[in-house]
Protein chains: 2
Amino acid sequence: MAETGTPAKDQTGREPKTARGEATRRAILGAAEKVIGRQGFNEASIGSITREAGVAQGTFYIYFSSKDEVFSELVAEMGRMLRHVISEATGGMADRLEAEREGLRAFLTFVASHPELYRIVQEAQFVDPDAYRAYFRTFAEGYRQGLAEAAEAGAIRPGDADVRAWALMGIARALGEYSVVFGDTTPIDEVVDIAHDLIVDGLRKRS
Amino acid sequence: MAETGTPAKDQTGREPKTARGEATRRAILGAAEKVIGRQGFNEASIGSITREAGVAQGTFYIYFSSKDEVFSELVAEMGRMLRHVISEATGGMADRLEAEREGLRAFLTFVASHPELYRIVQEAQFVDPDAYRAYFRTFAEGYRQGLAEAAEAGAIRPGDADVRAWALMGIARALGEYSVVFGDTTPIDEVVDIAHDLIVDGLRKRS
DNA sequence: GAAAAACATGAATAGTGATTCATAATTCAT
DNA sequence: ATGAATTATGAATCACTATTCATGTTTTTC
């Protein structure tokens, strides 16, 4: 009966039923994150993943039904971790503009310490478009709501929450990429302050 | 601009020396844009590209030395076209903030009419990281300069031009993706106005 | 108008790597 | 302890596709 916890997908690689199996599955997932994050989806062979995990090639298929499946799982994991980290950071904040700042800081901090996961999400656009869109839609929807409520409450200027949500996500993403992909070394706190200043007050000079 | 015409790279597929060859090369490049843009780099086989172009498989290698090479060429082409379109749109503008608006509009318009090229640039991050970084660095540098000069001249509030350039590129990119990848149908002009309002005046409510 | 140069063909090659499977080892339940 | 379930192995399979090449066609050159 029970059978909760089962993602209800297809006949995917079955869940381990032993501590030993659980450990092996984790090892493979961790190795996949490392190897795919480093070499990209196509360069990362099942062989290189299992080698990194220290198991035989066939073992992979005990826990995952395909190369794509392990990838999707990583994308979903990234989404969960990120949402957790951000909501943790902005949880009790009353001031929307401050929440904006702290959310950005949490995002950039997380990304800096998980560059592999970051690359994986980017690549998901091509490897697993559904997972990619789900990832962004989930974020965008939460963001949109927050902005809409803040505008409603008069905490920020009114304006289309949808487009704003995408624009602000775009800033976060670009700055994450700036450091991860382009290797910029400006300290996160500085980047956050500069970007937050732009987000809050815009470019226009005031008299 | 000028340029010699010979990219000076390695022993790449040679340039055509005949009108006929020129036409074939163009056909292949166009087919590659269509097929790779639609199916992604890895799904797009040389066979599918040459079929689309209406030539034999071997013909591909008369003009390109590898699958990667045709890809790089497309990325470079996208960069050139985009820079041209944007500088065309913002060329004589005195007001920096207006230039910002028109640049964004030009970008979104271009992207909407060339969704394949857009996807290709995104994918370049994994297929040809050097081309990808070159593409963004070139944009970022131009943007940075524009912002720095505007700040210098007192046309906008002072602030780190580098981070701002990346943030603003991020907005453009996210909004482009919003329409191309996520199929949003909000008219470009509306999106531009909302985003420009945010860029210029920020989120903060003023008394 | 003939040899040369350029272009085109598509079947063959050749390397790759995801997935399967027969077999073996380990762990669990009783 | 012992049969059943679970987990692990890694060599073999199998499909796929980038690239090459020997040959044929078209265009240019003189």
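Proteins get letters first, then strands, A, B, ... in listed order; numbering begins at 1 in each. As the structure is a computational prediction, the values presented were derived from the model and not from experiment.
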Subject >> First-last contacting nucleotides on DNA chain D - partner chain B, under 4.0 angstrom, heavy atom >> reply: dA18(D) to dT28(D)
**OP:** Please state how far atom CD in Glu22(B) lies from atom P in dA8(C), giving the value in whole angstrom units.
**Re:** 11 Å
Subject >> Distance below 4.0 Å between Tyr63(B) side-chain N/O and dA8(C) OP1 or OP2 >> reply: yes
Original post:
Within the structure, does a side-chain N or O atom of Thr18(A) lie under 4.0 Å from either OP1 or OP2 of dC28(C)?
Top reply: no
Subject >> Between Phe110(A) and His114(A), ring centroids under 6.0 Å >> reply: yes
Original post:
Over how many whole Å does the gap from Ile49(A) atom CD1 to dG17(C) atom P extend?
Top reply: 12 Å
Original post:
Donor-acceptor pair under 3.5 Å: do we get one between Gln57(A)'s side chain and the base of dT19(C)?
Top reply: yes
Subject >> Euclidean distance, atom CD1 of residue Ile62(A) to atom C1' of dT19(C) [Å, nearest integer] >> reply: 13 Å
Original post:
5'-most contact on DNA chain D: Gly58(A) or Phe41(B), nearest heavy atom basis?
Top reply: Gly58(A)
Original post:
How many Å lie between OH on Tyr61(B) and P on dA12(C), as a whole number?
Top reply: 18 Å
Original post:
Between atom CG in Asn42(B) and atom C1' in dT16(C), what is the gap in whole Å?
Top reply: 13 Å
**OP:** Answer with base, sugar-phosphate or nothing: what part of the nucleic acid does Ala44(A) contact at a heavy-atom distance below 4.0 Å?
**Re:** sugar-phosphate
Original post:
Can you list the residues that meet the salt bridge (charged side-chain N to carboxylate O under 4.0 Å, His left out) rule with Arg20(A), with sequence neighbours excluded?
Top reply: none
Original post:
Starting at the 5' end of DNA chain C and moving along, which residue's nearest nucleotide shows up first, Thr59(A) or Ile46(A)?
Top reply: Ile46(A)
Original post:
Does the Ser65(A) side chain pair with the main chain of Tyr61(A), one donor and one acceptor, at a distance under 3.5 Å?
Top reply: no
**OP:** Nearest whole angstrom, please: distance from the C1' of dG17(C) to the CZ of Arg51(A).
**Re:** 12 Å
Original post:
For the pair made of CD in Glu15(B) and P in dC7(C), what is the distance, rounded to whole Å?
Top reply: 10 Å
**OP:** On DNA chain D, check which nucleotide each of Ser45(B) and Arg20(B) is closest to and give me the residue with the more 5' one.
**Re:** Ser45(B)
**OP:** Please collect all ring-ring contact (aromatic ring centres under 6.0 Å, His included) contacts where either partner lies in residues 69-105 of chain A, sequence neighbours excluded, each pair once.
**Re:** Phe41(A)-Phe71(A)
Original post:
Sequence neighbours excluded, which residues qualify as salt bridge (charged side-chain N to carboxylate O under 4.0 Å, His left out) partners of Arg38(B)?
Top reply: Glu52(B)
Subject >> Selection residues 136-151 of chain B - residue pairs positive for salt bridge (Lys or Arg N to Asp or Glu O under 4.0 Å), sequence neighbours left out >> reply: Glu141(B)-Arg144(B)
Original post:
What pairs of residues pass the salt bridge (Lys or Arg N to Asp or Glu O under 4.0 Å) test when at least one of them lies in residues 163-174 of chain A, not counting sequence neighbours?
Top reply: Arg164(A)-Asp197(B), Arg173(A)-Glu177(B)
